[in-house]
2 protein chains.
Amino acid sequence: MARVEDAYEQLKSQILDQRLPFGFQATESEIADLVDMSRTPVREALLRLQFDGLVELVPRRGVRVSPVSASDMADIYEILMALEPAAAASLASRGLNAPEIERLESITRDMETALADDDLDAWAMADDRFHREILSLHGNRRLTAFVSALLDQAHRARMITLRLRAKPIASTQDHRDVLAHIVNRSPEQAKASFAAHRERAASELLAILRDLRLPQL
Amino acid sequence: MARVEDAYEQLKSQILDQRLPFGFQATESEIADLVDMSRTPVREALLRLQFDGLVELVPRRGVRVSPVSASDMADIYEILMALEPAAAASLASRGLNAPEIERLESITRDMETALADDDLDAWAMADDRFHREILSLHGNRRLTAFVSALLDQAHRARMITLRLRAKPIASTQDHRDVLAHIVNRSPEQAKASFAAHRERAASELLAILRDLRLPQL
DNA sequence: TAATACGTTAATGTATACATTAAAACAGAT
DNA sequence: ATCTGTTTTAATGTATACATTAACGTATTA
């Protein structure tokens, strides 16, 4: 399934970095031409992207890159606020070994460095890696796959709002706190601080989306 | 997409009621013959079932109906324990109108009746409907779709263990409690009782699976 | 002019033919 | 007899041809 995988990755990365912008529409044949293969593997890749929530296969009209509305983002953050703190608490209660701690430490340091350097792209990347590393350490494959898809869906909106808000000093500190609670094996505090982290992120993001009058990006 | 939908529904129902048992294997062509259509729509249906976690497309060996191991069930219940209580709390905090309450009441009564009649199949069906109705009332489409898939995955294991355990008196009372807390608009209590409900269900189920030495069903 | 009915078009949905490739079977050699 | 290399086979992966059908445009009529 090299072709399917290839089409999937190409299209996904183009959607995530907005080379294929919100609302972009095309027929299956056009997409097939775009990635230079037949409709069959392209269709399969598009179905996967639809499951990921990144495109919609609109009957008769072709494929549309899903817009991300404020209400979508609210739904997504609601789920993240339930799942991620639970995963963090579980990690805190099982405890991490030294290399595992170092992985999270390293990502957190990268984030702090990026913040100090005012490198928002690097900051966003480290932020993402931290969240994904927590999932990966937790090890529930279903949870990882689902949350990962949600993080991808949120990605575009976050990149848009990243430069429209104050420097993410608090968020960076949040990560530091969450990590400390996990390392200290304090499940309840890890959960609470992660929930607070997401709650802040959600309310900031939604406020910006609404202010911009971008209910539908 | 009538064919895809048809194949998907046929196969899904056959998997859920174990006419296609755990570990059943077949090639795409055999499945296509089974449902009397070409491989194309069948393949698409199988991909959906794979996303649902009900089958695995094993390269070169065909499609296999996913076994449900104790560890899979543990993963599934862990997610349910984070998401369902959150949904119940959210419902409790927004409040339900009369017809919405009546829907949940009616399902709960059905469950109590089934328990009194010793009709375990009817009981299981009402149990399932209660959980799905909570989701549906909550209205987060992503959450509904995901949890719904998890409930389907858990279905087979639950049906196997249903007759191997004591009558589900406590679970029935749990639903009654959760409903009361939602109606009373007590989010924290709704969340706590739902979590307790799932915790009990999970530990009973996992204990039976392990006792039966069915780590892999 | 507006509305409706009909024909055309273009997109997906489906079937099928073909290419690719991994596994199995077999043969030969050590 | 076993291991290895090769051949065969059979399954998926892919391309393509075809069927179906919804949308659009056009023409006719009220």
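Hydrogens, waters and symmetry mates play no part in the numbers below; they use all other heavy atoms, side chains included. Below, chains carry the letters A, B, ... as their sequence lines are ordered, and counting in each starts from 1. Since we're looking at a predicted model, the values are computed, not measured.
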Inset, instruction - Between A:Glu28 and B:Pro41, just flag the one whose closest nucleotide in DNA chain C comes earlier from the 5' side. - result: A:Glu28
Legend entry - DNA chain D: 5'-proximal contact among A:Ala2 and B:Arg61 (nearest heavy atom): B:Arg61
Legend entry - A:Arg200 and A:Ser171 side chains, donor-acceptor separation under 3.5 Å: no
Inset, instruction - Anything under 4.0 Å to a heavy atom of chain A counts; send over the first and last such nucleotide of DNA chain D, read 5' to 3'. - result: D:dG13 to D:dC24
Inset, instruction - For B:Asp17 and B:Arg19, indicate whether the former's side chain and the latter's backbone hold a donor-acceptor pair under 3.5 Å. - result: yes
Inset, instruction - Would you classify B:Arg39 as touching base, sugar-phosphate or nothing, given that sugar-phosphate means primed atoms plus P, OP1 and OP2, and contacts are heavy atoms under 4.0 Å? - result: base
Legend entry - Distance-only donor-acceptor check, side chains A:Glu133 and A:His138, under 3.5 Å: no
Legend entry - Pair A:Glu102 + A:Arg109, salt bridge at N-O below 4.0 Å: yes
Inset, instruction - Decide if the gap between the ring center of B:His131 and the ring center of B:Phe194 is smaller than 6.0 angstrom. - result: yes
Inset, instruction - Give one of base, sugar-phosphate or nothing for A:Thr27, where a contact means two heavy atoms less than 4.0 Å apart. - result: sugar-phosphate
Legend entry - Pairs flagged by salt bridge (charged side-chain N to carboxylate O under 4.0 Å, His left out) wherever residues 137-151 of chain B is involved - sequence neighbours left out: A:Asp72-B:Arg142
